[in-house]
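So you know, we letter chains A, B, ... as the sequences are listed, proteins then strands, and number each from 1.
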Number of protein chains: 2
Amino acid sequence: MTQKSGIAAVAETAGVSVSTVSQVLSGNRPVSDATRARVNAAIAELGYTPHPGARSLRSRRTESIALLVPDITNPFYPLVAVGMQDVLLPAGYLLSILDAGSQSGTGRLLGHVLERRFDGIALHIDGLSDADRARLADSGTRVVALGRDIGIEGSDYVESDDAGGFAKLGEHLLATGRRRIGFIGGEAESDPSRLRLGGLRQAFAAAGTEFADAATVFTSFTRDGGRDGVEALYARRDDWDAIVCANDLIAIGAMDELRRRGLSIPDDVAVSGYDDIDAAALVHPSLTTVENPAREIGRTAARLLLTRLAGDGDDAPTQHITLSTRLVVRDSTTSPIPQER
Amino acid sequence: MTQKSGIAAVAETAGVSVSTVSQVLSGNRPVSDATRARVNAAIAELGYTPHPGARSLRSRRTESIALLVPDITNPFYPLVAVGMQDVLLPAGYLLSILDAGSQSGTGRLLGHVLERRFDGIALHIDGLSDADRARLADSGTRVVALGRDIGIEGSDYVESDDAGGFAKLGEHLLATGRRRIGFIGGEAESDPSRLRLGGLRQAFAAAGTEFADAATVFTSFTRDGGRDGVEALYARRDDWDAIVCANDLIAIGAMDELRRRGLSIPDDVAVSGYDDIDAAALVHPSLTTVENPAREIGRTAARLLLTRLAGDGDDAPTQHITLSTRLVVRDSTTSPIPQER
DNA sequence: GCATGCACGCAAAACGATGTGGAAACGGAT
DNA sequence: ATCCGTTTCCACATCGTTTTGCGTGCATGC
């Protein structure tokens, strides 16, 4: 008893060759029904599982995909993950969610991720350094970007219509008489923050309304960021009548801080967010926000990756998909000031 | 130009043998400083990354660990993940978060996970079927269970002192005069639900107080579960003065449904949760709950796994760590009924 | 000057799969 | 019976590492 292991053991108990077992497994070549049955019986009997290392060594594929997010405790990202999994699992891929811990943690984690040779990587990262971009590009790994273009040759991306959503938000603020608007963005000058602010400006421009130029501060996409943002804004002036935040977590943090300062929401100042995470409907007052179709973003990204992985070609042109967003008006912006002209 | 790839290419440009390169990489054998320097230079020049498949093929290790959770959109789990990552990343392990989608999704995902041959698996799963338990056990993979014992030989587990937390909660309810208490648990008869309920009963027993035997219903650990739970409870009787929920999501769902029925919280009925997720402080009224040290659970679990993986022995006895919990009293249980005796 | 011991490197054998070129077996047509 | 085309299976090379067991060359102790 030579105690073979792996596929060799299966081959032995089935009384066939190693390659035949492999054929049965992969279906790459036809195998007679009788042999196939014997092989399958042997596999079941031994409880055999192919070794993924050996397999990927030959096939250069791992059948697994990574989702790299800046902060898994932001409830937006788990939804994206679930969306991706909706599509990937049925296709036989395993999705690994990797948490960079923060925007700046990306670089550290990227090394680990590339080493693992995932077949594809979905990135929801705002500030990608040039060095990291280069590492990604010549790793040859398929990349799909979420939320913004990542600037890598041949990598598709899917985003939400941030500008459109904020334009609708702008109209709404306008209609309720808000004029002195502060904006709290996420990590330094990140594209999403700018895009969102742009939509807002555009709405005011379209209405030809005078617009006390939105003061903007950049912090981080967290509750703490929201608190800091409010402090920074009120250090400049204290007559804001609306504070627009680049995501819901910031908005919730901002509300904490505004309340601490004795301001009433929405009577003194309106607050709005972005994403429409569950908590947006739970806070008091409930938060006006723009719905960001997280799960659909995940699904779409996964489909883009699968398409690229299947037709293993760089042939197809880069795809860029924009999902529409929806304004969700709640209490944090509604009640006041229908006057002024 | 034979165009070697991988370690062989590195060996060639450094002018050493393949094994020497491997030695430099792993540090398993001493290498002279001069050679080490040349090898490292070659590695940098070629941008070489070891192939993880080939590596794991020989070494039988993947340096990656999986965390399997029932529902990644429950904010409790991302915190656990972050805690694990705190410990694992510095140790050179990559953590993959895998979402089973639901308690029942576990089995489906488990196959995928075992195929991938992670070095270790952290499981936060309540109802593990016997078949799955068997698969896990004879996969030989190191397993650490979170929240409860998983019943696998040699697998450690870390849990929170659920019963203790609920005992404190019980005293609190008692002190505020609550007597007719309903309990909404998670997935059918799951251990955590029972444990938590047990702590509650114990507190009442200790006080020698008459206790309208807690009616219990089991649904799922989600907001929807909370709504269903309230419906089920009120189908039995309608004079509850407190509803204790097995986690915060259930509690939040329950509050939605109670409010829909025109009941006032906490005046008509008190509501409590478990976990102390962010949302617990955000809902209105803010939710009394028991703090579950998610991040610390993650850290502890990771340490247990690492210990097992390092001293590759089944020698050490099974470890069982209980983390203490803390009652967090907020508005959802406080105001009313300090009378009666 | 000769055995002895160290420090370094190397060659070669795994590890467990995939996949290609052929060989054997089998029929059907001539 | 011979020939030819299919079908079905196998041997073998290959993927990129890790890991032993051995050579070297050099300083050391006598």
*Taking all heavy atoms of A:I150 and all of A:A145, pick out the closest pair and write down the distance.*
CB-CB, 3.6 Å
*Counting just side-chain N and O atoms, does B:N28 come under 4.0 Å of either OP1 or OP2 of D:dT18?*
no
*For each nucleotide in nucleotides 10-17 of chain D, reading 5' to 3', give B when a protein heavy atom comes within less than 4.0 Å of its base, S when such contact involves only the sugar-phosphate, and - otherwise.*
BB-BBBBB
*Partners of A:P78 by side-chain contact (heavy atoms from CB on, under 4.5 Å), sequence neighbours excluded?*
A:I72, B:I72, B:T73, B:P78
*asked:* If you apply the rule side chain to side chain contact (heavy atoms under 4.5 Å, CB included), what do you find for A:R142 with A:S155, and how did you get there?
replied: CA-CA 7 Å; A:R142 277 282 157 223; A:S155 78; over 6 Å; no
*A:T62-A:D119 side chain donor-acceptor pair, cut-off 3.5 Å*: yes
*Should B:S32 be listed as having a side-chain N or O under 4.0 Å from OP1 or OP2 of C:dG9?*
yes
_Tell me the interatomic distance from B:L25, atom CG, to D:dT18, atom C1', rounded to whole angstroms._
11 Å
_Does this structure show an ion pair linking B:R299 with B:D86, if we count only N-O contacts that are shorter than 4.0 Å?_
yes
*For B:P30 and for A:R61, locate the closest nucleotide of DNA chain C by heavy-atom distance; then report the residue assigned to the nucleotide nearer the 5' terminus.*
B:P30
Which atoms of nucleotides 23-27 of chain D (N or O only) lie under 3.5 Å from a protein N or O atom, and what are those distances?
none

*Classify the side-chain pair A:S32/A:T35 by whether it contains a donor and acceptor separated by less than 3.5 Å.*
yes
*Considering only NZ, NE, NH1 and NH2 on the basic side and carboxylate oxygens on the acidic side, decide whether A:R61 and A:E63 come within less than 4.0 Å.*
yes
*Report the distance from atom CD of A:E63 to atom C1' of C:dT18, rounded to the nearest whole Å.*
13 Å
*Looking at B:H124 versus B:F76, is the centre-to-centre ring distance below 6.0 Å?*
yes
